[in-house]
Every structure is written in structure tokens, then in C-alpha cells.
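Working notes, structure below.
All chains are named by letter (A, B, ...) in the order of the sequence lines, taking the proteins before the strands, and each is independently numbered beginning at 1. It should be emphasised that the depicted structure is a prediction, and the values quoted were computed from it without experimental measurement.
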Amino acid sequence: MAIRLSERKYVAELLHGAKIGEKYVVAGWVDTIRIHGKLVFIILRDRTGKMQLVVKRNISENAWREAKKLSPESVIGAKGILVESKAALGGREIVVEELVVYSKADPLPIDIKDHSKTTLAKRLDWRFLDLRNPRNQLIFLVEAEMARAAREYFYNNGFVEIYTSKIVGAATEGGAEVFSIVYFDKPAFLAQSPQLYKQMGVISGFEKVFEIGPAFRAEPHHTTRHLTEYTSVDFEMGFIDSYEDVMRVAEQAVLSMIQAGLERYGKRVREFFPNTLDRVPRSIPRITIREAYKLLRSSGVSVEEGEDLSSEAERKLGEIVLREYDAPLVFVTEYPWRVRPFYTMRKSDEPEWTYSFDLLFRGLEIATGGQREHRYEVLVKQLEEKGLNPKNFEWYLSMFRYGAPPHGGAGIGLERVVMQFLGLGNIREARLLPRDPERLVP
RNA sequence: GCCGCGGUAGUAUAGCCCGGCCUAGUAUGCGGGCCUGUCAAGCCCGUGACCCGGGUUCAAAUCCCGGCCGCGGCGCCA
């Protein structure tokens with residue numbers, strides 16, 4: 001008599017393929033409930049979709065009595081006959097003979113049917129409910145798919161996956177943007193980047209390494225594109241001819257992420273996210289930052305030669321490149337030395353510029369990379385030039401005294417890729433449990 | 001960190017400038033009733049709110065100050 005969940009079929013199976021006229025067990029959440037006197041319609045939702053159950057008093061008095069008392073988002077199981085029904089969503093419905101309520105839900109604190117009816121802050125307070133909305137859940141299915149594609153790309157191209165420490169004894173690049181923690185009786189920090197460790201991976205002899213892991217930034221940004229904790233897709237590769245080799249890998253990794261997202265979820269993504277990128281770009285154009293200055297200036301954006309691009313300039317550049325090259329992504333190369341970290345390799349012929357790049361996706365920086373300086377003496381000089389004390393980098397510097405190949409790499413912000421791909425307005429949407437200067441829970 | 005805007009039922013909002021007409025409106029939710037083909041079901045009845053603290057005033061949701069929280073811009077970054 002009782003419903004056996006081990007016999008359960010997913011909604012998608014019942015809607016496509018399962019035999020009409022057979023008896024099936026379904027289970028899930030009550031999406032919508034419509035009570036019509038002696039007739040109750042239940043829209044049941046599981047991870048594969050939604051379908052209608054109809055509970056009729058003259059079929060089962062017990063089930064009907066239970067159904068009348070249901071509340072949205074309660075968890076139920078049902079057993080009944082699958083029938084065709086022109087009126088039902090999906091063309092099929094289950095005529096319920098048995099109904100079990102596993103968990104009755106209280107009135108909901110947020111509107112989960114339509115994400116736009118509740119502010120993002122409230123939605124995040126109730127994230128587990130917010131994610132019951134298929135649109136919001138889809139963001140993380142896409143994220144998982146993109147991470148999988150990146151991982152697969154790296155594995156297929158000879159990179160070794162490494163796991164570096166996130167508790168560190170010294171800040172990577174000096175500076176105030178690290179979180180301090182107490183490590184027993186010693187001061188310590190949360191890693192803002194695996195930068196130095198992935199270089200170690202190369203120098204250790206793995207030659208090509210990558211890591212997908214958390215990065216922490218203690219910068220009190222109040223913007224739609226910053227998190228204090230995010231997922232960084234990092235790679236580093238040895239024996240390169242130039243930073244062009246690094247860009248090629250970054251390009252292929254990012255394009256394979258976009259391709260994977262579209263291939264697996266393209267249809268649903270287009271349904272829920274009107275601003276999504278709907279095709280995979282063939283390639284990513286490269287322009288030097290000096291060309292970018294010119295393009296921007298001729299479009300009326302004031303830029304300072306030798307400076308980093310402001311967020312406004314990046315946005316504008318994204319528009320220009322889309323117009324001129326029909327490309328949603330662009331590499332901006334040869335950033336000025338003065339705005340890049342000490343380990344960046346400078347151009348041999350123009351030392352005020354570097355062998356480095358940023359990758360912009362629809363006008364937003366999603367990756368940074370370049371060739372690293374591997375010559376010990378040059379590194380020491382560059383540290384000093386940046387006003388840093390080589391004494392504090394002894395461990396790092398020592399790696400370059402015992403055989404370090406020419407190498408380079410990049411870091412890609414996973415949430416930013418997801419955000420720009422889907423056309424989200426706020427990066428917090430692309431993070432399961434976002435952390436920002438104010439938010440620490442849930 | 002600096003700057004701007006904001007905080008009204010469970011949720012989303014109107015009202016705030018120009019204090020009294022607010023016994024705070026609307027939608028949705030929630031509770032109850034009618035209904036055997038709905039599809040954000042419908043119709044009827046009911047329910048529920050001015051962020052906290054101080055001040056100005058005969059009178060404060062409305063004006064002023066402080067706090068907390070939210071949203072966004074900038075710097076910076078992925």
C-alpha cells in the first residue's frame with residue numbers, strides 16, 4: 001500500500017517515454033496547488049521538471065482530503081496512473097490514487113515563483129528557498145558545467161591539478177587586501193591567490209599545473225562585480241616562448257567553458273536569461289593597451305596614457321570591440337609596468353610595458369595573466385622597484401635560484417564568467433553563498 | 001575607504017518633497033467559504049506594516065540628528 005520511493009520516477013521520464021496507462025510513483029515539491037472543490041490540481045516539481053497531478057475525490061477520498069490541506073513547497077509522494085491530458089502542462093498528468101505528505105511547508109518568507117518579486121538581499125537570506133526556482137538553480141548547473149569543461153580542457157592538455165594552501169603565512173603581493181586570521185599563536189592570512197604556489201608547481205617539475213579553488217580579498221568593494229570570496233580558475237605553464245602561449249590556453253579554456261554551458265544548457269538558458277551569450281565566439285581578438293587608449297580616445301572616453309583602464313573604459317572598450325570585431329571577448333595586452341605586480345615580465349625592448357594581459361568579457365575583466373619573470377636578479381630588482389622588501393620574499397625568490405623555466409599563467413574568475421555569459425546584473429547571483437563586506441551569513 | 005540613494009504587513013510597493021484629510025492605499029501571500037478541468041484558477045469574507053534611538057512641533061510614516069542594515073557609483077580587482 002505504502003509508496004516506495006525506490007520505485008520513484010522523475011518527472012522528465014514520465015513526460016517523455018513512460019507508458020500511458022501504467023501506475024507510477026512520483027515525489028518532489030508542491031510547486032502550485034489549485035483547489036476546485038472535489039478536484040485538486042497539484043503541480044509537482046523535482047530536479048527534472050514539473051508536471052501535473054490531479055486528485056479526485058471520487059478516485060480517492062483520502063488523497064483528496066490530504067491534498068486539500070497542502071501548502072506550496074511541501075514535499076509529497078504520490079502514486080497513480082499516467083494519463084494523457086490535453087489540458088495538462090506537458091500533455092500528461094498523474095491521476096492520484098495514493099498521496100503521502102512527507103513534510104508540510106510553512107508559509108514562505110519570499111516569493112520563489114518569480115525571482116524579480118523579491119530583492120536579492122532577501123533572496124540570499126533564504127538562499128535554500130531561492131534555489132528552488134529553476135532559473136536560479138540553473139545558474140549553478142551552468143557554473144558546474146563550466147568548471148567541469150575547464151578542468152577537462154586542462155586535463156586533456158597535459159596540466160596537473162594541484163591543491164594549494166589557502167592558509168598562508170605571508171601576503172602574496174603585500175598590501176592590505178588580505179584577511180588576517182589567527183593560526184594558533186601566529187598571525188596568518190587567507191590566500192588572495194594561488195599565484196606563488198602555482199609557480200612553484202611549474203618550477204617543481206610538473207611543468208603545467210592548474211587549480212580551481214577559493215580566493216579571498218578583503219577589499220570593501222560595494223559593487224555588482226566583487227565578492228570577498230570567489231572561485232579562481234588558475235593555471236601556470238612552463239617552457240613557453242612568450243605570453244602568447246599563455247593567452248592561447250586562456251582563450252581555449254574560456255571558450256570551452258562557454259561552449260559547454262551552451263551545449264548542455266543552451267535551450268534552458270535562453271529561456272530564462274534573455275541577455276545570455278547565445279553562440280560561442282570563434283576566437284578572441286588581441287589589442288595592446290596602447291591601441292585600446294587610442295580606440296577609447298577616438299570614442300570620446302578620456303584615458304590616461306600609461307594608466308590602467310577604469311571600469312568605465314573597460315565597459316566602453318567592450319562595446320567598441322563588439323562593434324568593430326563582432327567579438328564579446330577581447331584580450332588587452334602589454335599593460336604598463338607600473339600597474340602590474342612585481343613578478344610580471346617586462347617587455348625586453350620597452351621596459352615600461354609588460355608581457356601581460358587582461359581578458360575582458362562584455363566589458364568586464366574576467367581574467368588576468370602573462371609571462372612571469374624567472375630570472376632571479378631581475379626579480380629582486382623588480383621587488384625593490386615596487387617598494388617591497390626582498391627579505392619578505394625569501395622563500396619565493398629561492399625558487400628562482402635552482403632552475404626555473406620561462407613560464408606564465410593566468411587566473412580566471414569563475415563567477416564573473418558565469419555572470420557575463422548569462423548576462424546577470426549582479427555577481428552575487430552567481431555565487432551560491434556570496435560574501436561581501438556586509439554579508440557573512442548564511 | 002569615499003560619495004549618492006534608500007529602509008512602510010510574509011513579499012513587492014503607494015504615501016514622504018509641500019507634517020494634520022493615514023482609522024496608512026494596492027498587489028500578492030496567509031486563514032475561511034463556494035466550485036470536477038484548472039494552469040500565477042476564479043469569486044466572496046477576513047488578516048497583517050511605518051528599521052532602532054533621540055529631537056523639533058499642538059501634531060511626525062512624512063522634518064532634523066545618530067546608529068544599524070540594504071542598493072549602487074568610484075578607486076581597485078577576478
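Using a 4.0 Å cut-off between a side-chain N of Lys or Arg and a carboxylate O of Asp or Glu, Asp125(A) and Lys122(A) do not qualify as a salt bridge. Salt bridge status for Arg264(A) with Glu145(A): present, with a side-chain N to carboxylate O gap under 4.0 Å. Arg431(A) and Glu415(A) are joined by a salt bridge, as a carboxylate oxygen and a charged side-chain nitrogen come within less than 4.0 angstrom of each other. Arg148(A) has no carboxylate O lying under 4.0 Å from a charged side-chain N of Glu143(A), or vice versa, which leaves the two without a salt bridge. We find that Arg346(A) and Glu352(A) are joined by a salt bridge, their nearest charged nitrogen and carboxylate oxygen being less than 4.0 Å apart. Taking the charged nitrogens against the carboxylate oxygens, Glu161(A) and Arg151(A) do have a contact shorter than 4.0 Å, which makes a salt bridge.
At a cut-off of 3.5 angstrom, counting only N and O atoms as typed in the model, there is a donor on one side and an acceptor on the other between the side-chain of Ser85(A) and the base of G37(B). Contact annotation: side chain of Glu314(A) to base of C77(B), donor-acceptor pair present below 3.5 Å. His221(A) contributes a side-chain N or O that forms a donor-acceptor pair with the base of G75(B) under 3.5 Å.
When ring centroids are compared, Phe210(A) and Tyr155(A) come within the 6.0 Å threshold. Ring centroid separation for the pair Phe235(A) and Phe154(A) comes in under the 6.0 Å cut-off.
Among the heavy atoms of the strands lying under 4.0 Å from Lys117(A) is at least one base atom, whether or not backbone atoms are also near. Within 4.0 Å (heavy atoms only), Glu307(A) reaches no atom of the nucleic acid at all. Using a 4.0 Å heavy-atom distance criterion, Ile35(A) is classed as a base contact. Thr119(A) comes within 4.0 angstrom of the backbone, heavy atoms only, and of no base. Across all strands, Ala215(A) comes closer than 4.0 Å to no nucleic acid atom at all (heavy-atom distances). Among the heavy atoms of the strands, none lies under 4.0 Å from Leu359(A). Among the atoms of the strands shown, only primed sugar atoms or phosphate atoms (P, OP1, OP2) are found under 4.0 Å from some heavy atom of Arg315(A). At the heavy-atom level, Arg57(A) lies nowhere under 4.0 Å from the strands shown. Within the 4.0 angstrom heavy-atom criterion, base atoms lie near Gln52(A). Thr224(A) comes within 4.0 angstrom of sugar-phosphate atoms only, judged by non-hydrogen atoms across all strands, and of no base. If you check every strand for non-hydrogen atoms under 4.0 Å, Asp358(A) touches nothing. Using a 4.0 Å heavy-atom criterion, one finds that Arg428(A) contacts the sugar-phosphate atoms exclusively. Residue-level contact check: Asp436(A) touches neither bases nor backbone, having no heavy atom under 4.0 Å from any strand. Using a 4.0 Å heavy-atom cutoff across all strands shown, Ala121(A) reaches sugar-phosphate atoms only and no base atom.
Of the C1' atoms belonging to C71(B) and C34(B), the separation is 45 Å, rounded to the nearest Å. A gap of 9 Å separates the C1' atoms of C2(B) and G75(B), to the nearest Å. Rounded to a whole angstrom, the distance from the C1' atom of G54(B) to that of C17(B) is 24 Å. Separation of the C1' atoms belonging to G31(B) and C69(B) is 32 Å when rounded to the nearest angstrom. For the P atoms, the distance from A14(B) to U56(B) is 31 Å, rounded to whole Å. On the P atoms, G32(B) is 45 Å away from G55(B), given to the nearest whole Å. Comparing C5(B) with A9(B), their C1' atoms sit 24 Å apart, to the nearest whole Å.
Rounded to an integer number of Å, the gap from CZ of Arg92(A) to P of U38(B) is 21 Å. When the C1' atom of G72(B) is taken as reference, atom NE2 of His226(A) falls 14 Å away, rounded to whole Å. Taking atom CG of residue Asp125(A) and atom P of nucleotide A12(B), one finds them 10 Å apart after rounding to whole Å. What separates CG of Leu309(A) from P of G75(B) is a distance of 11 Å, to the nearest Å. Rounded to whole Å, atom P of G10(B) lies 20 Å from atom CG of Asp114(A). Atom CG in Asn58(A) sits about 11 Å away from atom P in U36(B), given to the nearest Å. Residue Ile366(A) contributes atom CD1, which lies 17 Å from atom P of C77(B) at whole-angstrom precision. Here U38(B) presents its C1' atom at 10 Å from CD of Glu93(A), a figure rounded to the nearest Å.
In a base pair of the Watson-Crick type (N1 to N3 plus N6-O4 or O6-N4) or a G-U wobble (N1-O2 and O6-N3), with each distance short of 3.5 Å, C39(B) is matched with no nucleotide. C69(B) is paired with G6(B) under the criterion used here, namely a Watson-Crick or G-U wobble arrangement in which both key atom distances are under 3.5 Å. With a 3.5 Å ceiling on both atom-pair distances, the Watson-Crick or G-U wobble partner of C30(B) is G46(B). For C17(B), there is no paired base (Watson-Crick or G-U wobble, both distances below 3.5 Å). In this entry G1(B) has C74(B) as its Watson-Crick or G-U wobble partner, both defining distances falling under 3.5 Å.
Residue Gly37(A) is the one, among Gly37(A) and His222(A), whose nearest nucleotide of RNA chain B lies closer to the 5' end (criterion: closest heavy atom). In terms of position along RNA chain B, the nucleotide closest to Thr118(A) lies nearer the 5' end than the nucleotide closest to the other residue of the pair Thr118(A) and Ile33(A).
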- Could you please spell out the steps behind the salt bridge (Lys or Arg N to Asp or Glu O under 4.0 Å) verdict for Arg45(A) and Glu73(A)? CA-CA 9 Å; Arg45(A) 187 187 69 243; Glu73(A) 295 308 312; 2.8 Å; yes

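At least one side-chain nitrogen or oxygen of Asn426(A) sits closer than 4.0 Å to the OP1 or OP2 atom of G72(B). Under 4.0 angstrom from either OP1 or OP2 of C74(B) there lies at least one side-chain N or O belonging to Arg225(A). Applying the 4.0 Å criterion to OP1 and OP2 of A78(B), one finds that Thr368(A) has a side-chain N or O inside that range. The shortest distance between the side-chain N/O atoms of Ser311(A) and the OP1/OP2 oxygens of C76(B) is not below 4.0 Å.
For Glu365(A), counting side-chain heavy atoms from C-beta on, the closest listed nucleotide (C39(B), U38(B), C77(B)) is C77(B). Of the candidates A78(B), U36(B), C39(B), A78(B) carries the atom nearest the Arg217(A) side chain, counting heavy atoms from C-beta on. Of the candidate nucleotides G75(B), C71(B), G37(B), G37(B) has the atom lying nearest to any side-chain atom of Lys56(A). Counting only heavy atoms from C-beta on, Thr223(A) has its side chain closest to C74(B) among A78(B), G72(B), C74(B).
At least one cation-pi condition fails for Lys386(A) and Phe342(A): the charged atom is not both under 6.0 angstrom from the six-membered ring centre and inside a 45 degree cone around its axis.
Aromatic stacking of Tyr230(A) on A78(B): satisfied, with centres closer than 5.5 Å and planes within an angle under 30 degrees.
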